[in-house]
2 protein chains.
Amino acid sequence: MPKEKAPNLSSEIIEDLSIDCIVFGFQKSELKVLLVKHGGGIIKDRWALPGGFVTYNENIDASAYRLLNDLTGVKELYLEQLQAFGEVDRYPTKRVITIAYYALARPDNYELTPGFTASDAKWFTITEISNLPYDHDEILKFAWNRLKRKVKYEPIGFNLLPEKFTLLQLQDLYEAILETKLDKPNFRRKIMKMNLLISCNEKQVGVSHRAANLYRFDKQVYDRLKDEGFIFEF
Amino acid sequence: MPKEKAPNLSSEIIEDLSIDCIVFGFQKSELKVLLVKHGGGIIKDRWALPGGFVTYNENIDASAYRLLNDLTGVKELYLEQLQAFGEVDRYPTKRVITIAYYALARPDNYELTPGFTASDAKWFTITEISNLPYDHDEILKFAWNRLKRKVKYEPIGFNLLPEKFTLLQLQDLYEAILETKLDKPNFRRKIMKMNLLISCNEKQVGVSHRAANLYRFDKQVYDRLKDEGFIFEF
DNA sequence: ATAACTTGTAGTCATATTGACTATAAGATT
DNA sequence: AATCTTATAGTCAATATGACTACAAGTTAT
């Protein structure tokens, strides 16, 4: 059902409203974030969160998708709004309020193709990121805190892990997000009791130790738990 | 530390950016929401969430406070941002993105003094609210869902209950928010174990049945739990 | 080939928590 | 005095938790 509204419905940008995206990834047991290098403008050659301006004729969610895709080539991922950041002086040259979005993705699934205002795009280990321009450090911290809280009442991993994964990989993910160490047998017991995982009846290959069983998420249970919410104290 | 930035730093409004506030209250065992009647404009005489436009020289948080105070007289309450709502057609005459805030308050603490663009201000029982203009129904629903989720990992009640309250009042609050019935002895046991409540060693007066003990929140524990978060499955 | 090492997986156990109750207390009202 | 209503204490079986131990199944080193 397309909706049309007459006034100022153009693809001109709204001067004072931008979008910034935090895309989390998980790779080699580390939590990653996708950043872009600016090709020009006031922060030329600096790494920052992918973002840009909203236009009059697009929903803000659509704007986040478009910008992320144009800047990095990443698409078809689930973006969720975090919140707006609107300090008067957060942007140096004029008043710009930004709406932050975040997403979870598998870095290996994407070939990064920098474009639009981005001269480069790259996954960074989250703990090694600092001194981002504007208030991007604050936004990133906010996003990470949200993620830390989120993993306690919603299943997570579906968008971050390969389709088939071991219990240790899942545990590593939780440990990377929460920045803690968890007890292996207890983690396993807790996860298995949720009926969230289906055994693939396959073992991992190419590891120099006893091969672990591979699991995949039961999408039905996953979605149900995501809707209902649960309580997961680690 | 005042901050000054040169361009477009004026008290002119940002045409395409508004604020809407959901103020929750608790009164007579019911969850309430503060609405205002519009004194003019395109929804003259209709009840809606208190809100208005942001100006170039104020932070968005400050804007929310200002608008709420100007419209209803309510002030000195803790506002927290929910998120932005930015469908292209959410506002009829032009493109306006709104940032929603919510707060918890004690209705009895405030004398409502409608002003600015509001001709009236009133507390409504949440379950009786419907057909708000724009996307305010959606925003309200979103806010309530957030509150429902929030009570499960943060203490709540400090801003909603009178200073001294009974365990049943606290339980009524949870029941009103969550729209469920809870078991009295179990609720009591769970709450008491948190060390969140301090007995006032006083009984309620003027009730036509056995008077219950009065409690107040232990602010230290309350704030600590609010920071740390906890897990509360009812 | 065997030992040493690494990770996987099963299981133990004391303690704490939960949910569903029952029972009794302390008033107020009829 | 009987009958309400709400307060508050306690029971109990079932389940969950945290901190472990033990053993399995492979790889790599000697």
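Values in this document were obtained by computation on a predicted structure and should not be read as measured data. Numbered from 1 within each chain, the chains take letters A, B, ... in sequence-line order.
- Rounded to whole angstrom, the span from the OH atom of B:Tyr215 across to the P atom of D:dA7 amounts to 11 Å.
- Of the listed nucleotides (D:dG18, C:dG8, C:dC21), C:dG8 has the atom at the smallest distance from the side chain of A:Lys184.
- Backbone-only engagement by B:Asn213 is indicated by non-hydrogen atom pairs under 4.0 Å involving sugar-phosphate atoms exclusively.
- A donor-acceptor distance shorter than 3.5 angstrom exists from the side chain of B:Arg146 to the backbone of B:Leu82, with no hydrogens or angles considered.
- For A:Leu167 and D:dA24, the CG to P distance is 20 Å, given to the nearest whole Å.
- Counting to the nearest Å, the C1' atom of D:dA7 and the CZ atom of B:Phe165 are 16 Å from each other.
- Positionally, the nearest nucleotide of DNA chain D for B:His209 lies more toward the 5' end than for the other of A:Val207 and B:His209.
- The existence of a salt bridge linking A:Lys148 and A:Glu179 is confirmed by a sub-4.0 Å separation between a basic side-chain nitrogen and an acidic carboxylate oxygen.
- Set against D:dT6, D:dT8, C:dC21, the side chain of B:Asn186 has C:dC21 as its closest nucleotide.
- Classification of A:Lys150 and A:Glu80 as a salt-bridged pair holds, one side-chain N sitting under 4.0 Å from a carboxylate O.
- Remark: the A:Arg210 side chain and the D:dG26 base include no donor-acceptor N/O pair separated by less than 3.5 Å.
- Residue B:Lys193 is classed as a sugar-phosphate contact, given heavy-atom separations below 4.0 Å to backbone atoms only.
- Residues passing the ring-ring contact (aromatic ring centres under 6.0 Å, His included) test with A:Tyr102, sequence neighbours excluded: none.
- Atom CZ of B:Arg188 and atom P of C:dT24 are 18 Å apart (whole Å).
- What separates CD of B:Glu202 from P of D:dA7 is a distance of 17 Å, to the nearest Å.
- Checked against side chain to side chain donor-acceptor pair (under 3.5 Å), B:Thr125 has the following partners two or more places apart in sequence or in another chain: B:Glu30, B:Lys32.
- A straight line from CG of B:Leu170 to C1' of D:dT8 spans 16 Å, rounded to a whole angstrom.
- Following rounding to the nearest Å, B:Gln169 (CD) and D:dT8 (C1') show an atom-to-atom distance of 16 Å.
- Comparing D:dA7, D:dG18, C:dT29 by their nearest atom to the side chain of B:Ser208 picks out C:dT29.
- Nearest-nucleotide positions on DNA chain C for B:Pro185 and A:Arg189 put A:Arg189 closer to the 5' end.
- As a whole-Å value, the separation of A:Phe187 CZ from C:dT7 P is 17 Å.
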